[in-house]
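The structure under discussion appears below in the form of structure tokens.
The basis for the numbers below is simple: all heavy atoms, side chains too, and nothing from hydrogens, waters or symmetry mates.
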Amino acid sequence: MGDSPDTSGDLPWDTGEEDQTEPSAAELEAAGQSAMFGDAPASPPEPAPAPAAKPDTSAQPYRVLARKYRPQTFSQLIGQEPMVRTLANAIARDRLAHAFLMTGVRGVGKTSTARLIAKALNCVGPDGEGGPTIDPCGQCEPCRAIAEGRHIDVIEMDAASHTGVDDVREIIEAVRYAAVSARYKIYIIDEVHMLSRNAFNALLKTLEEPPAHVKFLFATTEVDKLPVTVLSRTQRFDLRRIPTELLQAHFAWVCEEEGVAAEPEALHMIAAAAEGSVRDGLSILDQAIAHADMGEEGKVTAALVRDMLGLADKSAQRRLLGTILEGDAKGLLAGVADQYALGVEPLALMRGLMDLVHRITVAQIGGGEPEAPSAEERAALAEWAGRLSAGQLHRLWQLLLKGHEEVRQAPDPLVSAQMALLRVLHAADLPDPGKLAKKLEEMAANGLAAPAGGGQGAGGSAPAAALSWRALVDQVRDNGNHLAASIMELQVRVVTLEPGTLRYSRAAHFRDDIAPQLRDALMGVTGQRWIVEQCEEQGVPSLVEEDEAAKAAEQAKVRAHPLVEAAYAAFPEAELVEEAEIHSSGRAAWGR
């Protein structure tokens, strides 16, 4: 057309303008800003920044180890093999429950397990064709979205802040709708024991018969607070505490991943302080790494961890136990003062000594190598296990346990710890009760227990070594103790009678404890202490039983006389009566 401008040189298909470059994104953004807010002062366009080889992580906030190393697969979930095996079998056999309950102490992986189950149920594989699996790929969109906490069909609720029935009512209303993009709609309720009673009651019907596309995953540290009606509708998994050895190996792997050097003894201390909790242990390890001296290239040492946690030095603990067993009171007080000056709390000191005694006892019973992080400590514990008796170790434990309780309640823990350990030290010198009793028996058998003055008691008794049981009973009665004498006559069946020692048995119908009375009565007539004990062996008949047996034998002898037999033949209903009975009843005839 004639009025059309000549645009032959501006046509898109004109090959003469191929070298013209298109505007960059920065230029387009600048043009948009000019159209909206007016032209800015002219300035040369800045060149577009060149793409970096890798993202700069220096500006990213630091993630603590407990979050950074949260398990992303079941193979990374340490210490829970039985639960993983059960879930793998359930998935393989298509026998998935509609509600799961994870319980256990803090930091063993309850919430992490719930998220892993959500991954396992919704994973579709890298090709998008996979089904539920115990080994989620971690690459598909559901796996990545669940790991990042942004999946629309995996709803995680904190029951500690959503405790009411209205919060549960929202869940009940939402479960009717199918999942948006996942295979299952999953509700993860953490700290579920915090729900109110009305909230639990409102959830019961939905929990018992949920739609096929809904799964409930509960986590709690206090399973005893859950109603039985909820427990009966869930498949329960009790997550175990992680063993110290497994925690130590896991922390060593974390240090390797972080490029941090750590001593095995330091990791052992951290694992022991974690008390089976991975999260607690990783938090302590995080603190230890930050606490490490930069002059030593950030190495986590045992001394650093000991100082950070306020623990007693293991070698100092062994020296302290050595002073107790050697009876060195001065060395004991000096060792306690040194540990207190280093910042070790008296209660931690008592706990450390109790732990040593416990490990020595276990090594002695098991007969194997003691559990200890260093060879020096293992050798020391093995030497004590071979030298100390079981009775000594149990007595040490009881005394330390009582001392620990006293230190915990005392207004001055240091003074209480000193006095408690001094009591343990002096008690260690006492002989074993069993050996003491045996020694006393040997002394009594050798005649060494008899008093030097002839053994005359308050009643002017004869020497104890020459007395018979009947003579002792007579002396007790003559001494004015008629009740004890009656008990000795009626109940005591002597098994062993030696100077200073009485072992006896009784008829089964006698159940009261008469040993204190016998001990006091015998001491009153002999002037010496007696070892009196009841045993199961059959002793000689009691004095009353002997008298009755003698009387029965005498009556049998009289009955066998020819004149008596003739009298019974003539008078079949006649009775044989003692002369004393005749006089007391006023009857003068032998028979009736």
Side-chain angles (χ1 to χ4, degrees), residues 70-105 108-147 149 151 153-157 159 171 175 178-179 181-193 203-221 223 226-242 246 278:
R70 185 184 290 270
Q72 299 300 321
T73 62
F74 280 104
S75 60
Q76 297 177 1
L77 188 68
I78 62 174
Q80 311 299 342
E81 289 77 12
M83 180 196 67
V84 175
R85 189 183 311 116
T86 302
L87 288 173
N89 294 340
I91 292 174
R93 298 173 182 174
D94 196 19
R95 299 179 65 87
L96 288 169
H98 60 271
F100 297 90
L101 172 65
M102 274 66 68
T103 179
V105 299
V108 293
K110 300 182 295 297
T111 306
S112 297
T113 300
R115 293 172 181 171
L116 290 177
I117 293 176
K119 276 188 186 180
L121 298 183
N122 285 328
C123 178
V124 296
D127 56 357
E129 301 296 330
T133 174
I134 198 63
D135 296 313
C137 66
Q139 302 174 14
C140 62
E141 175 58 24
C143 285
R144 288 188 285 109
I146 293 173
H151 200 291
D153 292 321
V154 178
I155 301 95
E156 188 168 343
M157 187 183 87
I171 297 176
V175 296
S181 61
R183 186 179 295 111
Y184 293 104
K185 179 181 284 189
I186 295 178
Y187 289 90
I188 300 175
I189 304 180
D190 203 4
E191 300 300 334
V192 69
H193 65 273
L203 187 61
L204 286 180
K205 186 61 179 177
T206 304
L207 185 62
E208 183 176 12
E209 298 177 357
H213 61 271
V214 174
K215 302 289 182 185
F216 288 100
L217 304 177
F218 297 152
T220 179
T221 54
V223 68
L226 267 66
V228 179
T229 49
V230 172
L231 295 176
S232 64
R233 290 166 166 82
T234 59
Q235 192 171 99
R236 173 175 170 177
F237 293 104
D238 291 278
L239 277 67
R240 306 174 179 178
R241 290 181 183 268
I242 314 302
L246 196 56
V278 183

Task: Pairing residues for Thr103 by the side-chain contact (heavy atoms from CB on, under 4.5 Å) criterion, not counting sequence neighbours - done: Thr220, Val223, Arg236, Asp238
Task: side-chain contact (heavy atoms from CB on, under 4.5 Å) against Thr229, all qualifying residues, sequence neighbours excluded - done: Leu204, Pro227, Arg233
Do [X] and [Y] come within less than 4.5 Å of each other through their side chains, counting heavy atoms only?
| X | Y | value |
| --- | --- | --- |
| Phe218 | Leu207 | yes |
| Met157 | Ile188 | no |
| Leu96 | Lys215 | yes |
| Leu217 | Ile189 | no |
| Val278 | Val108 | no |
| Leu101 | Gln235 | no |
| Glu191 | Thr221 | yes |
| Asp153 | Arg183 | no |

Does any pair with a residue in [range] pass side chain to side chain donor-acceptor pair (under 3.5 Å), and if so which ones, sequence neighbours excluded?
| range | answer |
| --- | --- |
| residues 115-130 | Gln72-Lys119, Arg115-Glu156 |
| residues 74-99 | Thr73-Ser75 |
| residues 138-147 | Glu141-Arg144, Glu141-Arg150 |

Open item on the list: Nearest 0.5 angstrom please: Leu226 CG to Thr234 OG1, how far?
Closed with: 7.5 Å
Open item on the list: Working to the nearest 0.5 angstrom, can you tell me the gap between Lys110 NZ and Asp190 CG?
Closed with: 7.5 Å
For [X] versus [Y], what's the shortest heavy-atom pair and its separation?
| X | Y | value |
| --- | --- | --- |
| Cys140 | Gly125 | CB-O, 3.4 Å |
| Ala179 | Ala182 | CB-O, 3.4 Å |
| Cys137 | Pro126 | CB-CD, 3.9 Å |
| Pro142 | Val124 | CD-CG2, 4.1 Å |
| Val192 | Ala159 | CA-CB, 3.9 Å |
| Ile134 | Phe74 | O-CD1, 3.2 Å |

Task: Stepwise side-chain contact (heavy atoms from CB on, under 4.5 Å) test for Lys185 and Val154 - done: CA-CA 6 Å; Lys185 179 181 284 189; Val154 178; over 6 Å; no
Task: Side-chain donor or acceptor of His213 paired with backbone N/O of Val175 under 3.5 Å - done: yes
Task: Test ring-ring contact (aromatic ring centres under 6.0 Å, His included) applied to Phe216 - qualifying residues, sequence neighbours left out - done: Tyr187
